[in-house]
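Here the structure comes first, spelled out in structure tokens, and everything after it is commentary.
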Amino acid sequence: VQISVADEGMGIPESLLSQVFDPFFTTRGSGSGLGLATAHSIMRRHEGAITLESRIGKGTTVRLFLPAGRVATAPLSDSMPQRIKMEGRVLVMDDEEMMRNVAQGLLELLGFDVVCAGDGEQAIAVFKEQLNAGNRFDLVLLDLTVPGGVGGDQAMSEMLKLDSRISGIVASGYADSAILSNPEAYGFSGKIEKPFRKAELARVIQTVLESR
């Protein structure tokens, strides 16, 4: 199955086309350089491919290729049996506002109280402030990569120094990350790949809470 998305914008110089899927590469001063890199990672995980064609002054076309299934499959369910009660306080750190909002909404639907932070440095400060006030978190959900800032691995390390009982889940759009391959080696209790669904998040959280 092929899906094409085209615009009539200013286009991308031919000399830059080979770099558009590289993490952190961007031609915009305010860009993170992670959008197309994340899209590329998602397509690979679905055994597909993504290509980009562009001409200066003419626009850009992005094509997504996905394997077509011959047999219809049942839709994924957002419900799951919960053996333990979902409750408590969760600190979410992600540099993308949309991802923070999505994670907060899903966690609140599951029954958690949520506090958000935009980067690792802010998350550590909030974590320490709340701990000193006697309001410890039960769980932290930390984005792995924060361009130009403190990422989830460093934040997790600092939080464990403040509260050795804290459980952390690392979130990333890069399936081939070394930290996602072995999260426990970096102090995390679980992992989840972005983007994620409510049921998937609930399963990961349940596994982490049951392993305490």
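What you see below is based on every heavy atom in this structure, not just the backbone, and it leaves out hydrogens, waters and symmetry mates. A quick note: this is a predicted structure, and the numbers were derived from the prediction, not measured.
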If you define the side chain from C-beta out and look only at heavy atoms, does anything of [X] sit under 4.5 Å from [Y]?
{"X": "Arg165", "Y": "Arg136", "value": "yes"}
{"X": "Lys58", "Y": "Ile56", "value": "no"}
{"X": "Met86", "Y": "Phe112", "value": "yes"}
{"X": "Val170", "Y": "Asp153", "value": "no"}
{"X": "Val92", "Y": "Val115", "value": "no"}
{"X": "Thr61", "Y": "Val5", "value": "no"}
{"X": "Val62", "Y": "Ile50", "value": "yes"}

For residues 7-25, tabulate all N or O donor-acceptor pairs below 3.5 Å that involve a side-chain atom, not counting sequence neighbours.
| unit_1 | atom_1 | unit_2 | atom_2 | d |
| --- | --- | --- | --- | --- |
| Asp7 | OD1 | Gly9 | N | 3.2 |
| Asp7 | OD1 | Thr60 | N | 2.8 |

Are the charged groups of Glu158 and Lys161 less than 4.0 angstrom apart, N to O?
yes
Show the nearest heavy-atom pair for residues Leu91 and Ala123, with the distance to one decimal.
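Distance-wise, the nearest heavy atoms are CD2-O, 3.6 Å.
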Any idea which heavy atoms bring Ile42 and Lys194 closest together, and the distance?
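Ile42 and Lys194 have their closest heavy atoms at CG1-O, 4.4 Å.
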Enumerate donor-acceptor pairs with a distance under 3.5 Å from any side-chain N or O in residues 100-109 to protein atoms, sequence neighbours excluded.
| unit_1 | atom_1 | unit_2 | atom_2 | d |
| --- | --- | --- | --- | --- |
| Arg100 | NH1 | Asp94 | O | 2.7 |
| Asn101 | ND2 | Glu97 | O | 3.4 |
| Gln104 | NE2 | Glu108 | OE2 | 3.1 |

Tell me yes or no: between the side chains of Thr51 and Glu53, is some donor less than 3.5 Å from an acceptor?
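No, Glu53 and Thr51 have no side-chain donor paired with an acceptor closer than 3.5 Å.
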